[in-house]
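Comments concern the structure below.
Proteins come first, then strands; the chains are lettered A, B, ... in the order of their sequence lines, and each starts at number 1. Below, all heavy atoms of this structure are taken into account, side chains as well, without hydrogens, waters or symmetry copies.
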Amino acid sequence: MSAYKSDFLNILAERGFIHQVSEPDALDALAVKGPVTGYIGFDCTASSLHVGSLLPIMMLYWMQQSGHRPIALMGGGTTRVGDPSGKDESRRILTDEMINQNLAGIRTIFTKFLKFGSGPRDALMANNADWLNTLNYIDFLRDVGRHFSVNRMLSFDSVKLRLDRQQELSFLEFNYMVLQAYDFVELHKRTGCVLQMGGSDQWGNIVNGIELGRRMANAQLFALTSPLITTSSGAKMGKTAAGAIWLNAAMVRPYDYWQYWRNTEDGDVVRFLKLFTILPLSEIARLGALKGAEINEAKKVLATEATALVHGRDAAHEAAKTADTTFKQGGMGADLPTLQVKVGDGILEANTKLGFTASNSQARQQVTQGAVYLGETKITDPAYRLRAEDFDKDGRALLKFGNKKRAILQLASG
RNA sequence: GGGAGAGUGUCCCGAGCGGCAAAGGGGGCGGACUGUAAAUCCGCUGGCUAUGCCUUCGUAGGUUCGAGUCCUACCUCUCCCA
């Protein structure tokens, strides 16, 4: 199975990161010879990255671990244009302030996975706004644009899809692939970067860069894409009803992040352990051999390891502990969300304020259906009001909503 | 520029003779079963101080006791002709 000679490609292959590689043998040989510089571009469309972006981040991580130099490229310039790949509709145009704000939020995430610096194996952070924003249109057309064939561009999936469905593709978006290709060549010039990685939907864009590099700089560049990760039941990663699973602790609390991974489907556990934790493969194989209910142990490991990478080991253990006291012992873990209440407050309002339900009407329906427990007592009366005896000596009560949602009601003192 | 069609429940898709809080899916949430899994079955899926009241069908007007439904204008998208 280990068809490669380099650690870099072997690790990626064994852990399931590789979908397609251009000229794998040549890249492999290069990686054996010495440090390779490679990059992945990240959009600045939101103020944090979410679980969907974790995969490319992990590729950069392994790249550095196997002795190479990763570059995290912030798309400060390309986000102003908007990537049409895989999108049904035009992306709305973001203001420059928003982009810069988003960029700042995204930046911090990388410091948890990569060691930055100026040494030969230290990671670099770049921003394509640095070179794209100052481009001169005519010069750019003459230097770069002449290498692109519109006939060919029209044949790319990202473009064809839009045209076939007769959905508008603006000239602005049409240029995205040209800019991304130019990024690759520019990074090659600046840092000697020879590899661009990304999701499988980026293949066309990356190959464009490779060709542009050959024409403009006579360089041999490489592409490596990762498979699109969906759960066993076909859903895209990182989205729940509550919204995307962000990596920023302020947007998704570590406890919720832990829970996200804890609730992984059986069929995904091994795959996710390989992709989203840095546990050795032997350990993953051991966990993968667990059967039936024992798989829950593997899921806990997955949750804790994945959380530790993003939020640190302490936060991960805290989340694991809270989950244990809450679900195993029916107690109140420290990490649970807490709501200040008074005696006489309605049960519906409590659920809505905690975000368990979107409105009191919805809360009413769910209470009627038996979804809500106060401690061990099922509450089925929508008009129920909190009573003093519902709380323990410390003025706390455990509110359960459904199977998984838990919160602490804290009686206001005084 | 001319002709034809479309826009529906703030997640999506989609039915809707003038009586409509509006069929049916998907998704989501909840219940049962389990292992905080999947599959399956069942319930819910506009809001509220709730046997009632308020707000929803691209936007703004109009006809009508009553409009998602009919008329007018406008916006957006698609198709055909120029």
### Query
For A:Asn360, what residues pass the side-chain hydrogen bond (donor to acceptor under 3.5 Å, both in side chains) criterion, not counting sequence neighbours?
A:Thr352

### Salt-bridge criterion met for A:Arg80 and A:Asp96 (N-O under 4.0 Å)
yes

### Query
What nucleotide, of B:A37, B:G30, B:U36, holds the atom closest to the side chain of A:Asp266?
B:A37

### Task
Taking atom P in both B:G28 and B:C79, compute the distance separating them and give it to the nearest angstrom.
33 Å

### Summary
Between CZ of A:Arg364 and P of B:U51 the distance, given in whole Å, is 10 Å

## Note on the structure
So the ring-ring contact (aromatic ring centres under 6.0 Å, His included) pairs with at least one residue in residues 385-404 of chain A (sequence neighbours excluded) are A:Phe356-A:Phe401

#### Entry: Contacting residues from residues 336-361 of chain A, given that a heavy atom lies under 4.0 angstrom of RNA chain B
A:Ser359, A:Asn360, A:Ser361

### Query
When the nearest nucleotide of RNA chain B is assigned to A:Lys404 and to A:Phe401 on a heavy-atom basis, which residue is associated with the more 5' position?
A:Phe401

### Message
Test your reading of the model: is there a side-chain donor-acceptor pair from A:Asp345 to the backbone of A:Leu386, 3.5 Å cut-off?
### Response
no

#### Entry: ring-ring contact (aromatic ring centres under 6.0 Å, His included) contacts in which one or both residues fall within residues 358-379 of chain A, not counting sequence neighbours
none

## Note on the structure
When both distances are under 3.5 Å in a Watson-Crick or G-U wobble arrangement, the nucleotide paired with B:A39 is none

### Task
May I ask you to list the residues of residues 296-321 of chain A, by number, that have any heavy atom positioned under 4.0 Å from an atom of RNA chain B?
A:Asn296, A:Lys299

### Test item: A:Asn175 side-chain N/O and A:Val178 main-chain N/O as donor-acceptor pair under 3.5 Å
no

### Query
Given the C1' atoms of B:U72 and B:A21, what is the spacing between them in whole Å?
28 Å

List the atom pairs, with distances to 0.1 Å, where a side-chain N or O of residues 283-295 of chain A and a protein N or O form a donor-acceptor pair under 3.5 Å, not counting sequence neighbours.
unit_1, atom_1, unit_2, atom_2, d
A:Glu283, OE1, A:Arg286, NE, 3.4
A:Glu283, OE2, A:Arg286, NH2, 3.1

### Query
Rounding to a whole Å, what distance do you find between A:Lys400:NZ and B:G30:C1'?
16 Å

### Message
Regarding A:Asn102 and A:Ser47, do their side chains bring together a donor and an acceptor under 3.5 Å, going by distance alone?
### Response
no

### Task
Indicate, with a heavy-atom threshold strictly under 4.0 Å, whether A:Glu294 touches base, sugar-phosphate, or nothing.
nothing

### Task
Mind telling me if B:C48 is syn or anti? Syn here is a glycosidic angle within 90° of 0.
anti

### Task
Scan every strand shown for a Watson-Crick or G-U wobble partner of B:C74, both distances under 3.5 Å, and answer none if you come up empty.
B:G58

### A:Phe110 ring center near A:Phe116 ring center (under 6.0 Å)
no

### Task
Calculate the interatomic distance between A:Asn403 atom CG and B:G28 atom P; express it in whole Å.
16 Å

